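Throughout, protein chains are lettered first and strands after them, A, B, ... in sequence-line order, and every chain is numbered starting at 1. None of the values given here were measured: they were computed from a predicted structure.
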Protein chains: 2
Amino acid sequence: MTTDPTQPPSTSASSVSPTSRPAGESHVTLADVAEAARVSLATASRVFSHPQLVRESTARRVREAAQRLSFRPNLLGAKLRSQQTRILGVMLPTLENAVFAECWHGIEQAAMAEGYSLMLVTSGYEAERERERVEYLLRHRVDGLVLTVADATRSAVLDQLDAEGVPYVLAYNQAAEDGMRHSVSVDNRTSASEGVRALIAAGHQRIAVVSGAFMASDRARQRYAGYEDAMHAHGLQPLPAVNLPSHIASPAVHAGAQIGALMRAPAAPTAFFCTNDLLAIGLISELKRLGLRVPRDVSVLGYDGIALGALVEPPLATVVQPNADIGTQAVKHLLARLHTVAGRTAAPVTLLPHGLRVTGTVAAPPDTTTNLP
Amino acid sequence: MTTDPTQPPSTSASSVSPTSRPAGESHVTLADVAEAARVSLATASRVFSHPQLVRESTARRVREAAQRLSFRPNLLGAKLRSQQTRILGVMLPTLENAVFAECWHGIEQAAMAEGYSLMLVTSGYEAERERERVEYLLRHRVDGLVLTVADATRSAVLDQLDAEGVPYVLAYNQAAEDGMRHSVSVDNRTSASEGVRALIAAGHQRIAVVSGAFMASDRARQRYAGYEDAMHAHGLQPLPAVNLPSHIASPAVHAGAQIGALMRAPAAPTAFFCTNDLLAIGLISELKRLGLRVPRDVSVLGYDGIALGALVEPPLATVVQPNADIGTQAVKHLLARLHTVAGRTAAPVTLLPHGLRVTGTVAAPPDTTTNLP
DNA sequence: ATGAAAGCGCTAACAA
DNA sequence: TTGTTAGCGCTTTCAT
């Protein structure tokens, strides 16, 4: 398979014997292929990049030679020369939250379909790491970026990207309508508001919000604003957010105390709105540990619509984002930007439709004033 | 920041004015930096790759020039020339299963620590896509691969990798002790056996296995073998595996019928061993839908130890794999291989310790013979 | 339709 | 310690 005796010896003093190559490195270059096919390097190159420029019979000869020699193009050379890598950089906070894993799926799908490769880095919601990881991607000369930052309103990395004119599209972060940043997301505020309205419609009045650490993310804040909207619209008093340590809803040891105290208080909430599904799942288990039944004693509404939410019992009520589609659209949007000659690509901010899944963990509030048995 | 008037005009006819560069592309090359710092290209290069070879005062001058010009090295050039990319290819089945997301975390951590970048692709457990995606990585001239294949015992992609001598380390797939493939995993068979023994110790005798579609994965088969071991060791009759459609335990509509029938049968199982946690979570919700209480009526044991399992209520009993560590060790092992001069790196197969979390969803079996109320 | 030649940005001998 | 000089593998004018 490696050596083919039927192959006539090349005219020039072809020196490289196949066996002299280090194992694991097919050091077959396009030049080798060209020589084997008795065409010039340029023609061989064209066969793969601009097939229409070369006669079919010639092309076939080249392709056969390539096959015979197990030629594998070295994309590095191509990219260096052509000054475009066809690599997209992707920065997500973490993959351990299924939201982003699902989004990645969409991103990969779209990129593959368009012949782009991906370089993925995660930031862990840390600003410093965001900078570092993006710099990293930039050094690889990615053509553009799809990224989710912790807080788009105060992001050093975004400012830098803007300053350098690097093309990027935000995913999940919802850019200001009047700004010049491009983003693909749902309408966080509106969708959250709708979710909370559904809670109110179910009869709840004392609704608390559970959010990640100090609402460090812009989305958490936007969703909280949506909560306030809904509460105010119904003449209800918004409660200050309960901040839980991590987005990943850690073993909830600390959460336990906080939630326990809250539920024992005179006017304990009858429903919770969590700014993401993981938090919701963690909260529910904490509530159960407290001896409360969900949704009979307390209702819980999440946000994200991760697949897993539908698998738990009762199924998690939640505001559903089209996670994979957010990824897909972000890539498409970015590619559109890249392929447009520095022109305006329609609207910079795309708002995808959200959904509401109000079942399972949401029910009417109990009659009692205090919930603990 | 871009132009610095204090900078003396360069000696040669330096033509490129900063403003002539296209926005978003810092076309500052090492040559520009060298010129600005009044050293040769080689010296400038050395400042970044082999700092010890250049006088500190010179190095500082170069670094300052680089800073001033916002020089960003083009890794493509470096990689092309040096013939090593310091990029590792990673292929995982999917990120939507938290097992792999957690593993990715370990991989990224380890790679970053060693100054390696990563290129991630997912295969969706499809053999054809495995080939295609790996070819893709190879064209990018990754230095090596960390990958999980659906079935290592019959893998076209692994055969190809072996034939070409590409360095790789398997994650999760457990290579044969006597083979020459490198892998990092837990001992699937032993750990599964231990899990099932714990079920038996709790008093269960009729234990069923729930696995993904047709046990297409080698791990599912190894774990089933472990189940058989445990059953035989106690003189119990292993049951044929219940195959559920997807690894991702889809809305379990089909599963419903299967599980329902099984539980209504005369000698219904009192416990289930699922070959992964997602399956277990899906199964539990199905069981609850059938009116069965877990663990009072039926016990469920998972496998994987994903973080989410500890968050649900009751917490999922499971065989715990050190997911992040599997990733970390796989990278370290691969790097060791890469840096060894074609030498043997100790043992090719690494077995990491597993754990057992037998709580929550596992309890003693009920007394009744049939479980449905 | 094909070929010759000039690099893309960087590193690594080899000199000095 | 620093500079000179070749390329790495490929694409792409510019000729023919």
Side-chain angles (χ1 to χ4, degrees), chain A residues 11-12 15-16 21-22 25-62 65-66 69-87 138-141 143, chain B residues 11-12 15-16 21-22 25-62 65-66 69-87 138-141 143:
Chain A
T11 44
S12 74
S15 42
V16 203
R21 290 175 199 129
E25 277 293 334
S26 89
H27 268 160
V28 181
T29 73
L30 230 207
D32 297 332
V33 174
E35 185 184 334
R38 304 171 158 287
V39 295
S40 75
L41 174 58
T43 300
S45 170
R46 280 189 278 254
V47 170
F48 298 108
S49 6
H50 305 287
Q52 72 284 8
L53 293 183
V54 47
R55 189 194 293 138
E56 178 48 33
S57 61
T58 314
R60 185 163 40 247
R61 239 173 48 243
V62 172
L69 302 179
S70 334
F71 168 66
R72 173 174 299 141
N74 184 337
L75 264 24
L76 255 34
K79 291 169 190 312
L80 177 58
R81 169 63 222 233
S82 64
Q83 292 295 82
Q84 62 145 349
T85 56
R86 290 187 81 83
I87 298 181
L138 259 20
R139 290 186 176 196
H140 279 284
R141 291 300 187 270
D143 290 342
Chain B
T11 44
S12 73
S15 42
V16 203
R21 291 177 199 128
E25 276 294 332
S26 86
H27 268 160
V28 181
T29 73
L30 231 206
D32 297 332
V33 173
E35 185 185 334
R38 302 169 159 286
V39 296
S40 75
L41 174 57
T43 300
S45 169
R46 279 189 279 253
V47 170
F48 299 107
S49 4
H50 305 286
Q52 74 284 8
L53 293 183
V54 47
R55 190 192 293 139
E56 178 49 32
S57 62
T58 315
R60 186 162 41 245
R61 242 177 41 248
V62 172
L69 302 179
S70 325
F71 167 66
R72 173 175 296 140
N74 183 337
L75 263 25
L76 255 32
K79 290 170 190 315
L80 178 58
R81 169 63 222 229
S82 64
Q83 293 294 77
Q84 62 145 349
T85 55
R86 290 186 81 82
I87 298 181
L138 259 20
R139 290 186 177 196
H140 279 286
R141 291 300 188 269
D143 290 342

Checklist entry - So, is A:Ser82 close to the D:dT12 phosphate, meaning a side-chain N or O under 4.0 Å from OP1 or OP2? => result no
Look at the side-chain N and O atoms of B:Thr43 and state whether any lies under 4.0 Å from the OP1 or OP2 oxygen of D:dG3. yes
**Asked** Does B:Ser45 make a side-chain N or O approach to OP1 or OP2 of C:dC10 shorter than 4.0 Å?
**Response** no
Walking DNA chain D from its 5' end, the first of B:Ala59 and B:Leu80 to be reached, judged by nearest nucleotide, is B:Ala59
From CZ of A:Arg72 across to C1' of D:dC10 the rounded distance in Å is 17 Å
Correct closest heavy-atom pair for A:His140 and B:Lys79 would be CE1-CE, 3.2 Å
For B:Ala36 and B:Leu69 the tightest heavy-atom approach is CB-CD1, 4.0 Å
Looking at D:dG3, I'd like to know if its phosphate oxygens (OP1 or OP2) sit under 4.0 Å from a side-chain N or O belonging to B:Ser40. yes
To the nearest angstrom, the CD-P distance between B:Gln84 and D:dG9 comes to 14 Å
- Using a 4.5 Å cut-off on heavy atoms from C-beta on, say whether the side chain of B:Arg72 contacts that of A:Arg141. yes
From CZ of A:Arg38 across to P of C:dG3 the rounded distance in Å is 12 Å
(Q) Using a heavy-atom cut-off of 4.0 Å across all strands, would you classify A:Ala78 as base, sugar-phosphate, or nothing? (A) sugar-phosphate
Checking D:dT4, D:dT12, D:dT1 against the side chain of B:Ala42 (C-beta onward), the nearest is D:dT4
Shortest non-hydrogen pair, B:Arg38 vs B:Arg61, comes out as O-NH2, 3.5 Å
In whole angstroms, the gap separating P of C:dA16 from CG of B:Leu53 amounts to 19 Å
ask   = Could one point to a donor on the side chain of A:Arg46 or the base of C:dG3 with an acceptor on the other under 3.5 Å away?
value = yes
Polar side-chain contact B:Arg81-D:dG9 base: donor and acceptor under 3.5 Å:
no
Scanning both residues in full, the closest heavy-atom pair of A:Asp32 with A:Val28 reads OD2-CA, 3.3 Å
Separation of D:dG9 atom P from A:Glu35 atom CD, nearest Å, is 14 Å
Here the distance between atom P of D:dC10 and atom CZ of A:Phe48, to the nearest Å, is 9 Å
Q) Is the distance from OP1 or OP2 of C:dA12 to the nearest side-chain N or O of B:His50 less than 4.0 Å? A) yes
Here the distance between atom C1' of D:dT11 and atom CG of A:Asn74, to the nearest Å, is 13 Å
Here the distance between atom C1' of D:dG3 and atom CG of B:Leu41, to the nearest Å, is 10 Å
For A:Phe48 and A:Leu30 the tightest heavy-atom approach is CE1-CD2, 4.1 Å
Return no unless some side-chain N or O of A:Gln83 is found under 4.0 Å from OP1 or OP2 of C:dG9.
yes
Assign each of B:Gly77 and B:Gln52 the nucleotide of DNA chain D bearing its closest heavy atom; nearer the 5' end lies the nucleotide of B:Gln52
Which of D:dG9, C:dT11, C:dA1 is nearest the side chain of B:Leu30? It is C:dT11
